[in-house]
Each structure stands twice: as C-alpha cells, then as structure tokens.
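Report on the following structure.
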Amino acid sequence: MTTSKNFLPVTAEEISALGWDRPDIILVSGDTYLDSPYNGTAIIGRLLQDEGYRVAIIAQPDMNTADIARLGEPKLFWGVSAGCVDSMVANYTASKKKRRTDDFTPGGENDRRPDRALLAYTNLIRRHFKNTKPIVLGGIEASLRRVTHYDFWSDGLRKPILFDAKADYLVYGMGEKTILKLAEALKNGSDTTGIRGLCYYAKEIPAGYAELPSHEECTEDKDVFTKMFHTFYQNNDPITAKGLAQRVDTRYLIQNPPSQTPSRIEMNRYYELPYTYRAHPFYAAQGPVRALDTIRNSVTTHRGCYGECSFCAIAVHQGITIAERTEASVLKEVQRFIDAEGFNGIINDVGGPTANMFGMECRKKKDHGRCANKRCLYPQKCPQMPSDHRKLNSLLNSIRKTEGIKRVFVASGIRYDIIMDDKAFGGQYLDNMVNFHVSGQMKIAPEHMKDNILGLMGKPSADVLKKFVEDFYKRNKVRQQFLTYYLIAAHPGCTVQDMEDLKKFTSKELRINPEQVQIFTPTPSTYSSLMYYTEKNPFTGESIFVEKDPNRRKIQKDIIAPPEEKKPVKTVPYPFAKKKKGSNRPKG
C-alpha cells in the first residue's frame, strides 16, 4: 500500500515528519490531490520538488474554516489553480444548471469547488494571511481569463482575472518553465518582469510591447473587443509573439511573450517525475475519485494541437505546436505501470489533445513560428504540414509488444482528416486502431455536417467524414467495430433547420441515432465564444444567427438526441445490419 510519505505533504503532521519549519511553496487546487502527470498541480509540485524546493499542497480547501491555514504561510509564494477545468465549466452545465457530480472530488459530490475558484481562493488566503507572500495564479482558468474575456455565466465581459483576483502574478500556458524561473527569482530577490509566460501589473508599457484596446474600450464596442481578441490570439506563438499590454483602470496588465515550447528532453523530465498515480491517502479516505478511473494507467505522449477548432481553448493554453516525448520515455512510464502492484496489463489511453498528432509537426513552424493569418488544417491542410503516422505506429507497436501488456487502448480523440491525408501510412494506423486499440467502438468528433457551421467551427467538410466512415468499415468487416460521433448543438450560426439537416445526415449517411450531443458552451478565450457574444463572424464581420435562449438551445440538442423517455429505438450501426429487400436502410 502506498503511504503518504511518497506524496507531497498535505498536513501539518507530514510537514513536521519531514523536519520542515514550513514549506517554501504551497500549491492550492480546486481538484483533489491526484499525484499523476494528468494533474497540473502535481506536475508543478513535483517539478519544484525536483529543483530542491519544499512544496506542499492544499487541495479543495474548506471555504468556511481556517483550513487554508493548516500548513502556515509559505516562505516564497502561494500557487493557486482552479483545477484541470475552469471552475464555472466544472460547476455548471451549458444550460447554467448546477452540476451535481465532480469527478475530481472524493465521493463525487460537487460541493467543494467554489465558483470562480481563483478569486475565492485568493480572497481566502488574504483573509487569513494579511500582506502575505506573492500569490501566483496558474492553470487553465487563469490562462484563458488573462485578458478581457467574455464570461457566459454573467453574460458580459470581465476584467483580466489578475485584476479581479487581486493576485500578484499569473502564469499562463503550460507553466513549468515559467514557474521554475519565477521561483528562482523570488528566492534570490531578483527581477521577475522579464520572465516569459508571466503576467503582472505595471504603470507603464514596456518598450516593444503591443498595446491592446483597453478593457473599457472593449466593453463599449464589440468590434473593438473582436480586434483585441485577434491580436491576443495571434500572439500565442513563442517564436513570433510580441509582449502585450492592456490598460485596466489606471494600470496595465503586462503579458510577456509565451514560454518556449518544451524540448523532448524537457517533456521527458516532466512526465518521469516520481508520481504515485494515486490520490493522496488524506483525500482518498474521503471517498473514491472517479477521475482516477479515466487517467489511471494512461500515458500522455504529447501536448498541443494545430487543429485550432474555433470552440477549443487548446491553442491559447497549450499552443498549436506539438511538444512530444521520446518513445523511450513513454515506454519507461509503461514499465512503471507494469511494475506497480495490481496492474491488470491494460493501458487505458495513449495520446494527447489529439492522439494522432504525435510525431507530426511542420518544420517551418518549429523553426520560424506560426504563419500569420493561416491555419495548419483549415480550410485545407497546408502542404508544409506532414501527415505521417510512422512514428505513432512504431510507438503503439512497441507498447503492445512489451512483456506484461495485454491491451493498449487509444481513448484520446483523433483527427480522421489527417488519417485520410496520409496516403502512405494512414491506412496502417487505422488498421492498427481497428485491430488492437479500439474496444467495440471508435470515437470521432465531426461536430456537425453543414458546411456553413463547419466553416465557423474550423472543421473539415462532411465529405471527408463520409470517406473516412467508408474506409473504416471496409477495414472492419471481421471485427465489426463501430464509430460513435460527438456532435455540437446551438453553435453560433446553427439554426433548428441546421440541426434537422444534421439529423437527416446522421440517419441517411451514418445510419445511426447519435447520443453524444453537447449544447455549445461559450468558454473564455475562444473564437466561438467571440461569435456568441458579438453575433458576428469575426473573420468577415458578417452578422450570424446565435441561439441564446436556453430552451431553444435545448430544442436543438433534442432534435438529435431526444430525452431518454422519448428516445426511439436505435438503428443498427452502419453497415453491418441486414437490409430489408428493396430498402437502403438497416433494420431498426
């Protein structure tokens, strides 16, 4: 059994047992403490520990007691994260109803993560520690709210979160490099203002920094906010980005250029730290943590995604350049699973934001940065971007053939358009998926089928989907595995008629009644959220229809996936059903 000594400390007793007078750094998280590289707080904590800092964690502190003070005050700084998901997304559905469950909370009941967790935790710290050491915000909630942003839950623009939270610094993106440099600067009392990936306050704009429209200007004019967002979005590449400054009241938010993309050696280090892959016993005793069922015995191969779907925040948080581990590092982690007590021989996932982007990146982009006003995959794949699954095929084969491994699954999403574009090795990858890495069904995310909606989403056309579906089932005649589809209702531009057309498409072309349908949720710092707020296409300035009425948004979803009590009997998945004579439809 794993004991608490294998973890970063979370109690005063553990601090005392380590012989510390107090921690150098205390990390506060809206998730429970899962000691896994799938948990950003655990990665940051382990990395700082590896650098020699005394690091402790307070997970999901009680807002009504002095729980936040149980470890005392850190010597260097507090690091505050809302968790792996923005707290408002974690707490509310697309219809703004309170979620009852939380996979990152022991016991599963959603009763420990406060709304706007960064603000709540920062206020909690200052309530118990007046004039405390610097408070540093990090994680996805901080990253996506670092400039003026649209907030769906208050239906308006909010200030950069550093101002709302009244914290001292904000680390954006995947913050390993930034947090190490910040910790060193605070330890030595040296200047912090030049650290990449860092946001802070200032009275003046640093030389060479681009000035964004002010927060006040953005709130007064939606077109100005659109202009601001374009500049913000285009300055997320570590090679081409300028530093940014935005005036808020009488001061400026200063955003330094992004941290450099980690090298393979650095990525190996982050994922080879001594994780236990378990919940800390202090929290595990409070109930099972459902997230562990998903992330246990799963391997991250890379970060970043160059798909740049309009509704996705990965481009702003992880970036559009792939940062990958070496095959040797991935196999080393797999061996750790094999050596662990109770391992069942099954790897639950091998992937990243998009599983089949491992080993594929544009050399021009890696050397010179992103192209201005051009995407890698939309409207067509750029010829400079390779589609080559050889490296990924090799990795999956090596894992599968490792002694002690029974099955290797790929649960992360894939881009079927990349598979279809890879004429040399895409078919081999798909055969591998069908024969070895899919259990019953393979999940893909076309999101829609109407070209006008797909264009707003930045997704490939339905013709690519139809070709992939045909190819998948040709390779699947023996195993008879199936495709399942993730779809989005009520995306900006989408009408009831568009959903009716999508229903006809799924019935006629895919021969299914899909159930994986989500109502679009506008999350901070995405182009789709910008469309939702402004009711315009941000690239053309044309007005677009946006469904904002909660009931009518739900109606769009119900067209595809009716409520449980009204759901029709599913059709038999294409194309294995026996057809009635004279009919082109499978039996239902």
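One-based numbering along the sequence shown. In this text, all values refer to a predicted model and were calculated from it rather than measured experimentally.
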| query | Does the side chain to side chain contact (heavy atoms under 4.5 Å, CB included) test come out yes or no for L456 and M531, once each step is laid out? | reply | CA-CA 9 Å; L456 292 170; M531 297 176 203; 4.1 Å; yes

| Heavy-atom closest pair, residues T321 and E361 | CA-OE2, 3.3 Å

| query | Between the main-chain N or O of E217 and the side-chain N or O of E220, is there a donor-acceptor pair closer than 3.5 Å? | reply | no

| Does the distance from a Lys or Arg side-chain N to an Asp or Glu carboxylate O, for R116 and D164, drop under 4.0 Å? | no

| message | Taking the side chain as everything from C-beta on, heavy atoms only, tell me whether V248 gets closer than 4.5 Å to P160. | response | yes

| Atom pair CZ (R99) and CG (N110), whose distance is rounded to the nearest 0.5 Å | 8.5 Å

| task | Go through the steps to decide whether L198 and V171 satisfy the test side chain to side chain contact (heavy atoms under 4.5 Å, CB included), and finish with yes or no. | result | CA-CA 5 Å; L198 192 70; V171 172; 4.0 Å; yes

| task | Start with the C-alpha gap between L502 and I560, add the side-chain angles, then the distance that decides, and say whether side chain to side chain contact (heavy atoms under 4.5 Å, CB included) holds. | result | CA-CA 8 Å; L502 178 58; I560 303 295; 3.9 Å; yes

| request: Output yes when a side-chain donor or acceptor of T534 lies under 3.5 Å from a complementary backbone atom of L530, and no otherwise. | output: yes

| query | In this structure, are over 12 heavy atoms from other groups packed under 6.0 Å from K548 atom NZ? | reply | yes

| query | Is any side-chain heavy atom of T32 less than 4.5 Å from a side-chain heavy atom of T105? | reply | no

| Worked verdict on E308 versus Y233 for side chain to side chain contact (heavy atoms under 4.5 Å, CB included) | CA-CA 11 Å; E308 294 191 80; Y233 188 90; 2.6 Å; yes

| message | Can you confirm whether L377 sits close enough to I418 that some side-chain heavy atom of one is under 4.5 Å from a side-chain heavy atom of the other? | response | yes

| said: Suppose we screen for salt bridge (Lys or Arg N to Asp or Glu O under 4.0 Å). Which residues come up paired with D111, at least two apart in sequence or across chains? | reply: none

| query | Is the closest side-chain heavy-atom distance between I444 and Y486 below 4.5 Å? | reply | no

| field | Steps toward side-chain hydrogen bond (donor to acceptor under 3.5 Å, both in side chains) verdict (N39, S36) | value | CA-CA 6 Å; N39 184 318; S36 161; over 6 Å; no

| Does K227 NZ have over 12 foreign heavy atoms under 6.0 Å away? | no

| said: Between F163 and Y201, is the ring centroid distance below 6.0 Å? | reply: yes

| note | All heavy atoms of Y33 vs all of A59, minimum pair found to be N-CB, 3.6 Å

| query | At what distance, to the nearest 0.5 angstrom, does CD of Q441 lie from CZ of F482? | reply | 9.0 Å

| task | Over 60° means perpendicular and under 30° means parallel, so classify the ring planes of Y527 and F229, tilted if in between. | result | perpendicular

| In Å, rounded to the nearest 0.5 Å, how long is the span from CG of N551 to CD of Q556? | 12.5 Å

| task | For F152 and Y533, run ring-ring contact (aromatic ring centres under 6.0 Å, His included): C-alpha distance rounded to whole Å, both residues' side-chain angles, the deciding distance at 0.1 Å, then the answer. | result | CA-CA 8 Å; F152 172 63; Y533 173 62; over 10 Å; no

| request: May I ask you to check whether K503 and N513 show a side-chain donor-acceptor distance below 3.5 Å? | output: yes

| message | Any carboxylate oxygen within less than 4.0 angstrom of a Lys/Arg side-chain nitrogen, looking at D102 and R113? | response | yes

| request: For T122 and L119, indicate whether the former's side chain and the latter's backbone hold a donor-acceptor pair under 3.5 Å. | output: no

| said: Determine whether H149 and S525 satisfy the following criterion, side-chain hydrogen bond (donor to acceptor under 3.5 Å, both in side chains), listing intermediate values before the conclusion. | reply: CA-CA 6 Å; H149 57 279; S525 296; 6.0 Å; no

| field | Exam field: side chain D62 to backbone D67, donor-acceptor pair closer than 3.5 Å | value | no

| task | Taking all heavy atoms of F232 and all of L244, pick out the closest pair and write down the distance. | result | CA-CD1, 4.0 Å

| field | Expected output: side-chain D349 to main-chain S412 donor-acceptor under 3.5 Å | value | yes

| query | Which distance, rounded to the nearest 0.5 Å, do you find between the CZ of R415 and the CG of D421? | reply | 11.0 Å

| said: Given 3.5 Å as the limit, does a donor-acceptor pair link the side chain of E141 with the main chain of S87, or not? | reply: yes

| Minimum heavy-atom separation for P492 to S528, with atom names? | CG-O, 3.5 Å

| said: Can a donor-acceptor pair be found, under 3.5 Å and without considering hydrogens, that links the side chain of T301 to the backbone of F358? | reply: no

| field | For the student: nearest non-hydrogen atoms of P446 and K459, plus distance | value | O-CE, 3.9 Å

| said: Quick one about E547 and Y532 (side-chain donor to acceptor, distance below 3.5 Å, no hydrogens or angles considered), yes or no? | reply: no

| said: Measuring centre to centre across the rings, with the benzene-like ring taken for any Trp, is Y416 within less than 6.0 Å of F472? | reply: no

| query | Got I125 and V80 here, is their nearest side-chain heavy-atom distance under 4.5 Å? | reply | yes

| Should D237 and P258 count as side-chain neighbours, where that means a heavy-atom distance under 4.5 Å? | no

| query | At what distance, to the nearest 0.5 angstrom, does CD1 of I512 lie from CG of L483? | reply | 8.5 Å

| query | Does the side chain of N256 come under 3.5 Å of the side chain of Y209 through a donor N or O and an acceptor N or O? | reply | yes

| said: According to side chain to side chain contact (heavy atoms under 4.5 Å, CB included), who are the partners of C376, at least two apart in sequence or on a separate chain? | reply: Y306, K365, M385

| said: Less than 6.0 angstrom from the centroid, inside 45 degrees of the normal: does K98 satisfy that with respect to the ring of Y92? | reply: yes

| said: Quick check: do Q60 and S29 have side-chain heavy atoms less than 4.5 Å from each other? | reply: no

| message | How close do C218 and T148 get, counting heavy atoms only, and between which atoms? | response | CB-CG2, 4.0 Å

| Is there a donor-acceptor pair under 3.5 Å between the side chain of H230 and the backbone N or O of P538? | yes

| request: Decide if atom NZ of K466 counts as having more than 12 heavy atoms of other residues, nucleotides or ligands within a radius under 6.0 Å. | output: yes

| query | Okay, side chain of H448, backbone of H491: is any donor-acceptor separation there less than 3.5 Å? | reply | no

| said: Side chains of D223 and T226: any donor to acceptor distance under 3.5 Å? | reply: no

| query | Do Q246 and R146 have side-chain atoms, one donor and one acceptor, less than 3.5 Å apart? | reply | no

| message | Please check if the number of heavy atoms outside Q380 that lie under 6.0 Å from its CD is greater than 12. | response | no

| request: Verify, without hydrogens or angle tests, whether D249 (side chain) and R251 (backbone) share a donor-acceptor contact under 3.5 angstrom. | output: no

| note | In this structure, CZ of F505 is separated from CG of L487 (nearest 0.5 Å) by 9.5 Å

| said: Take a 6.0 Å sphere around NZ of K96 and say whether it holds more than 12 heavy atoms from other residues, nucleotides or ligands. | reply: yes

